[in-house]
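Have a look at the structure below before the remarks.
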Amino acid sequence: MAGTAFVQRLASAATTSTMKSTFPIGGDLSVDRLGFGAMRITGEGIWGWPPDRENAKKVLRRAVDLGVNLIDTADAYGPETSEILIAEALHPYPKGLVIATKGGLTRPGPGSWVPNCRPEYLSQCVDKSLKRLKLERIDVYQLHTVDRKVPIEDSLGALKKAQDAGKIRHVGLSNVTTQEIERAKKVVPIVSIQNRYNIEDRDSEDVLSYCEKEKMGFLPWAPVGGGGRGSLTKSGNPLEAEAKRHNVTPVQLALAWLLQKSPVMLPIPGTANIAHLEENMAAAKLQLSADDWKRIEGEVTA
């Protein structure tokens, strides 16, 4: 298997140092720090059903087999299809599996993402996600974005009501600033933040530092650059030389960099390919020296 070969390569590259491999979301949900993002198990453009529905379910099951116990999704992925596939593949869920979902973005069409964080709409979103995921309570429910037409306090008020009703265990935020986090925390406790962040894009460095200080989980989306020109999956990327030196792939190096960057970091790389999934998960085995990481960062910023 491709994953086995990569684990063997990574074992030869590893040092004797270790990274804490788990993180307690909200203080009571212990998860392995390398999770799985379920956005790309949907159709092209994150729209509709995938071309091979059974393969999507196999990917989800394989992720759990490999030790993943944090799966991140959203009602906007598909829309709806990602949540449905998770339930079809994994319900009844294995003990300890944490499913984090999101609401607040609507999908008028492929490639279109429009905020709607009105309280009444979010209340409906929570109920519909519960039904699709076949859950009585969602472990982590995240506000997918901040709607500029709706005060964040009003949006979070709806999630607090759902939490008080036992529909949500913990509340998280996505695509926010530190100021918005502070405002949200006055309404309901916040346990996690999901912002764009990777070795080439560190605009949310201040938010990551905030999460470290407050012991909140930080879920970096686009952990390997996303699907555009900045993707570290494409040839000619700035990690190629260092990846070759350590006998790993640039994607594995990017994921390992995130894991060593902060103890609150919870990368959620996504894929619809089992071989890629196995390669991603093997990245957790890669541990390099501080000097190695310093040189790698230098290559990226050069």
Side-chain angles (χ1 to χ4, degrees), residues 3 5-24 31-37 67 70 177-178 181 192-271 276-302:
F6 276 106
V7 169
Q8 291 171 345
R9 290 185 195 177
L10 290 169
S12 68
T15 69
T16 55
S17 65
T18 59
M19 292 182 290
K20 189 175 182 182
S21 61
T22 62
F23 178 81
V31 297
D32 282 3
R33 289 179 53 220
L34 188 54
F36 179 77
L70 171 61
T177 64
T178 55
I181 301 170
S192 64
I193 303 297
Q194 186 170 161
N195 277 13
R196 183 182 176 95
Y197 188 89
N198 56 62
I199 193 169
E200 288 193 289
D201 183 350
R202 305 183 212 174
D203 285 351
S204 282
E205 195 77 49
D206 62 328
V207 177
L208 173 60
S209 297
Y210 183 98
C211 288
E212 290 174 342
K213 180 169 63 81
E214 299 295 324
K215 297 181 172 57
M216 296 161 60
F218 184 89
L219 289 69
W221 64 264
V224 295
R229 285 187 294 177
S231 174
L232 294 169
T233 63
K234 302 196 183 306
S235 61
N237 71 75
L239 289 182
E240 271 188 341
E242 285 295 329
K244 187 174 182 180
R245 172 205 280 265
H246 295 287
N247 204 24
V248 296
T249 69
V251 166
Q252 288 172 320
L253 202 58
L255 292 174
W257 178 83
L258 286 169
L259 289 169
Q260 65 81 40
K261 173 71 174 172
S262 171
V264 306
M265 191 81 76
L266 306 173
I268 43 170
T271 181
H276 291 164
L277 168 68
E278 291 172 344
E279 292 175 16
N280 290 347
M281 295 310 299
K285 305 289 184 183
L286 177 58
Q287 297 165 23
L288 306 180
S289 69
D291 287 342
D292 283 330
W293 288 122
K294 188 174 181 180
R295 185 179 62 253
I296 290 164
E297 288 189 2
E299 288 291 323
V300 173
T301 56

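What you see is a predicted model; the values in this text were computed from it and never measured. Below, each value reflects all heavy atoms present in this structure, side chains not excepted, and no hydrogens, waters or symmetry copies.
Scanning all heavy atoms of the two residues, the minimum distance from G217 to C211 falls at O-SG, 4.1 Å. Minimum heavy-atom separation, E200 to V300: CG-CG1, 3.6 Å. Of all heavy-atom pairs between N237 and K234, the closest is ND2-O, 2.8 Å. Taking all atoms of both residues into account, the shortest heavy-atom contact from P269 to G35 is CD-O, 3.6 Å. Contact detail for E240 and S235: the closest heavy-atom pair is OE2-CA, 3.2 Å. Across every non-hydrogen atom of P250 and A243, the tightest pair is N-CB, 3.5 Å.
The side chain to side chain donor-acceptor pair (under 3.5 Å) search around S204 returns N195, not counting sequence neighbours. Under the salt bridge (Lys or Arg N to Asp or Glu O under 4.0 Å) criterion, E214 pairs with K185, sequence neighbours left out. For F218, the ring pair (Phe, Tyr, Trp, His ring centres under 6.0 Å) partners are Y197, not counting sequence neighbours.
Within the 4.5 Å cutoff, the side chain of M265 has heavy atoms near those of the L208 side chain. In this structure the side chain of N280 never reaches within 4.5 angstrom of the side chain of F36, judged on heavy atoms. A heavy-atom distance below 4.5 Å is found between the side chains of L232 and P238.
L34 CG to T22 OG1: the interatomic distance, rounded to the nearest 0.5 Å, is 13.0 Å. Put simply, CG on N247 and CD on Q252 are 9.5 Å apart, with the number rounded to the nearest 0.5 Å. In this structure, the separation between CG on L239 and CD1 on I199 is 5.0 Å, given to the nearest 0.5 Å. Distance check: D292 CG to K294 NZ gives 12.5 Å after rounding to the nearest 0.5 Å. Note: E279 CD to L255 CG = 10.5 Å, rounded to the nearest 0.5 Å. Interatomic distance, R33 CZ to L259 CG, rounded to the nearest 0.5 Å: 5.0 Å.
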request  = Take M216 and I193, measure what side chain to side chain contact (heavy atoms under 4.5 Å, CB included) needs, and give me the verdict at the end.
outcome  = CA-CA 7 Å; M216 296 161 60; I193 303 297; 3.6 Å; yes
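Looking at E297, its side chain never comes within 3.5 Å of a backbone N or O of W293 through a donor-acceptor pair.
Checking L219, V264, L266 one by one against S192, the side chain to side chain contact (heavy atoms under 4.5 Å, CB included) holds for a single residue, L219.
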